[in-house]
There are 2 protein chains.
Amino acid sequence: MRVEDAAAVRDLTLFRSLGDEAFAQLMDAAYLQRFPPGVVLISENERADFLHVVVEGTVEMFATSHGRETTIELIRPVGLFLLAAVLKDQIYLQSARTLAKSQLLLIPAEKVRMAMERELPFMRAIVMELASDYRSTIRDLKSLKLRTSAERLANWLLRAEAEQGGSGQIELPCEKRTLAARLGMTPENLSRAFASLSAYGVQSKGSIVAISDLSRLSDFAAPDPLIDERDPS
Amino acid sequence: MRVEDAAAVRDLTLFRSLGDEAFAQLMDAAYLQRFPPGVVLISENERADFLHVVVEGTVEMFATSHGRETTIELIRPVGLFLLAAVLKDQIYLQSARTLAKSQLLLIPAEKVRMAMERELPFMRAIVMELASDYRSTIRDLKSLKLRTSAERLANWLLRAEAEQGGSGQIELPCEKRTLAARLGMTPENLSRAFASLSAYGVQSKGSIVAISDLSRLSDFAAPDPLIDERDPS
DNA sequence: TGACCCGATTGATAATTATCAATCAAAAGT
DNA sequence: ACTTTTGATTGATAATTATCAATCGGGTCA
């Protein structure tokens with residue numbers, strides 16, 4: 001692992017709560033692995049063996065049922081996934097696949113649970129992490145139930161624009177069909193949603209999206225802090 | 001509070017983790033209140049002041065955005081809500097209203113956080129509770145994204161039937177329009193979904209639903225353990 | 001460079017779901 | 001018991017979203 005990546009992992013809210021020694025113990029037990037794009041890392045229904053940390057690349061969390069598939073979330077560096085399943089020692093509800101060449105840190109579930117028992121600040125950080133994840137999922141649920149697909153896309157674009165520096169340009173983090181599934185629609189529908197947003201100054205060319213007039217798009221999107229904003233702190 | 005209700009609260013997984021003294025301290029600081037039906041207990045966007053425990057009655061968690069409204073969850077005795085917002089000391093993402101004459105225990109947020117700091121088993125129980133809530137919300141999200149409305153209803157019915165004792169009869173826990181919102185559809189659409197399920201042996205009369213042939217309904221519903229089953233333990 | 005492949009887009013159509021309006025039925029209050 | 005109210009149902013229609021098929025276009029690779 002590159003030094004800066006290791007530092008980024010250490011700097012995760014979750015791991016900042018750990019003392020140096022406890023952190024080192026976790027890392028000693030962990031496996032650093034590289035994967036090409038398109039590798040299924042986890043299949044739902046498997047037992048939770050490892051907490052996963054995305055050090056580099058992109059991981060798609062997805063779920064299937066009776067032949068249908070949807071994207072739940074995208075995990076980018078430095079982010080973790082499968083914490084809830086690891087803690088409850090249960091099967092995964094989601095599958096995971098790499099979307100790009102990726103580097104992952106796999107921490108044995110048992111070690112995570114042991115560290116939690118031994119280090120109170122770590123357990124406290126886990127509480128905060130889980131509460132955040134829960135609230136973030138509730139926001140997703142609200143977006144799905146209260147908005148049309150074009151509105152979901154518009155608000156996703158506004159948030160991505162802000163997170164990517166506010167230049168009015170967005171680089172999509174994945175293929176459009178994955179974004180479509182993430183937002184709860186078909187690829188065709190996403191294409192048409194983009195087309196309809198051109199009336200509000202949205203132009204999409206390949207993986208680059210340009211927003212010419214933020215306030216015009218915002219008027220249409222009607223962003224709601226209780227759906228679109230991340231929790232503070 | 002009736003003696004048996006008090007015992008039921010004490011018996012919640014979350015509170016079983018507390019010692020008698022710590023539990024008593026929480027209860028001393030808590031308020032027991034009765035509410036008629038239709039009272040809004042919490043409005044989203046308010047600061048999280050109390051952890052709420054439903055001792056009696058029914059509470060609907062709902063969310064609104066720009067004039068639209070949907071139901072997120074129903075809380076029945078003995079259940080709690082708003083834990084994540086309380087722990088993160090953030091605003092609520094959901095509103096809450098009573099659907100029936102209800103009795104609630106309001107525990108000051110600050111006391112909950114203090115108890116968590118002082119009692120390790122309580123914090124551990126909170127971790128498990130949050131992980132469960134998160135996973136349960138992921139299940140909901142999958143159901144919404146992977147199923148049609150009739151399928152969601154069919155699977156909801158199968159689960160309700162099992163939880164209510166497996167008699168083939170279900171008593172709806174709320175008005176149909178609330179169930180409709182819970183399942184992510186309009187009341188009219190729910191009516192039609194019920195009508196279409198009559199082909200699989202579902203008869204609905206008022207708040208009673210009868211399923212004449214579980215396996216036939218199950219064939220249509222295609223229940224998926226990773227969506228419909230509660231976490232074990 | 002050119003053939004090929006895969007994802008994106010577009011068009012046509014179908015399925016699903018929502019909306020609006022009009023009863024209908026059942027529960028609540030007088 | 002009788003209004004009165006409110007929620008449920010049904011019908012007609014519209015909007016939204018999905019599906020299927022065809023084409024387009026950018027990127028890859030020999």
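Naming: A, B, ... by sequence-line order, numbering from 1 per chain.
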Practice task
In whole angstrom, give the distance that lies between atom CG of A:Leu172 and atom P of C:dA8.
Solution key: 9 Å
Practice task
Grab the NZ-P distance between A:Lys176 and C:dG7 for me, whole Å please.
Solution key: 14 Å
Practice task
Return the orientation label for the A:Phe50 and A:Tyr31 ring planes: parallel under 30°, perpendicular over 60°, tilted otherwise.
Solution key: perpendicular
Handout entry: Donor-acceptor side-chain pairing of B:Thr64 and B:Glu69 below 3.5 angstrom
Key = no
Fill in the blank from the handout: Of B:Glu175 and B:Arg192, the one whose closest nucleotide on DNA chain D sits nearer the 5' end is B:Glu175
Exercise for the section: Report yes or no: do A:Ser102 and A:Glu56 form a side-chain donor-acceptor pair below 3.5 Å? Expected result: no
Handout entry: Given B:Ile107, B:Ile42, B:Leu80, B:Leu105, the one that forms side chain to side chain contact (heavy atoms under 4.5 Å, CB included) with B:His52
Key = B:Ile42
Practice task
Indicate, with a heavy-atom threshold strictly under 4.0 Å, whether B:Thr148 touches base, sugar-phosphate, or nothing.
Solution key: sugar-phosphate
Handout entry: B:Asn155 side chain to B:Ala221 backbone, donor-acceptor under 3.5 Å
Key = yes
Practice task
Take the protein atom CG of A:Leu153 and the nucleotide atom P of C:dA8, then report the distance between them rounded to whole Å.
Solution key: 14 Å
Problem - A:Ser204 side chain to A:Lys176 side chain, donor-acceptor N/O pair below 3.5 angstrom - result: yes
Practice task
Quantify the bending of the helix from C:dT1-D:dA30 to C:dT30-D:dA1 as the angle between its end axes, each fitted on five pairs, to 10°.
Solution key: 40°
Problem - Of all pairs that satisfy salt bridge (charged side-chain N to carboxylate O under 4.0 Å, His left out), the ones with a partner from residues 77-88 of chain B, not counting sequence neighbours - result: A:Asp231-B:Lys88
Fill in the blank from the handout: Judged by nearest nucleotide, the residue sitting upstream toward the 5' end of DNA chain D, A:Asn189 or B:Pro187, is B:Pro187
Problem - Donor + acceptor pair across side chains of A:Ser95, A:Glu44 (<3.5 Å) - result: yes
Completion exercise
From CD of B:Glu188 across to C1' of C:dC24 the rounded distance in Å is 15 Å
Fill in the blank from the handout: Counted 5' to 3', the first and last nucleotides of DNA chain D within 4.0 Å (strictly under) of a heavy-atom of chain A are D:dT17 to D:dC20
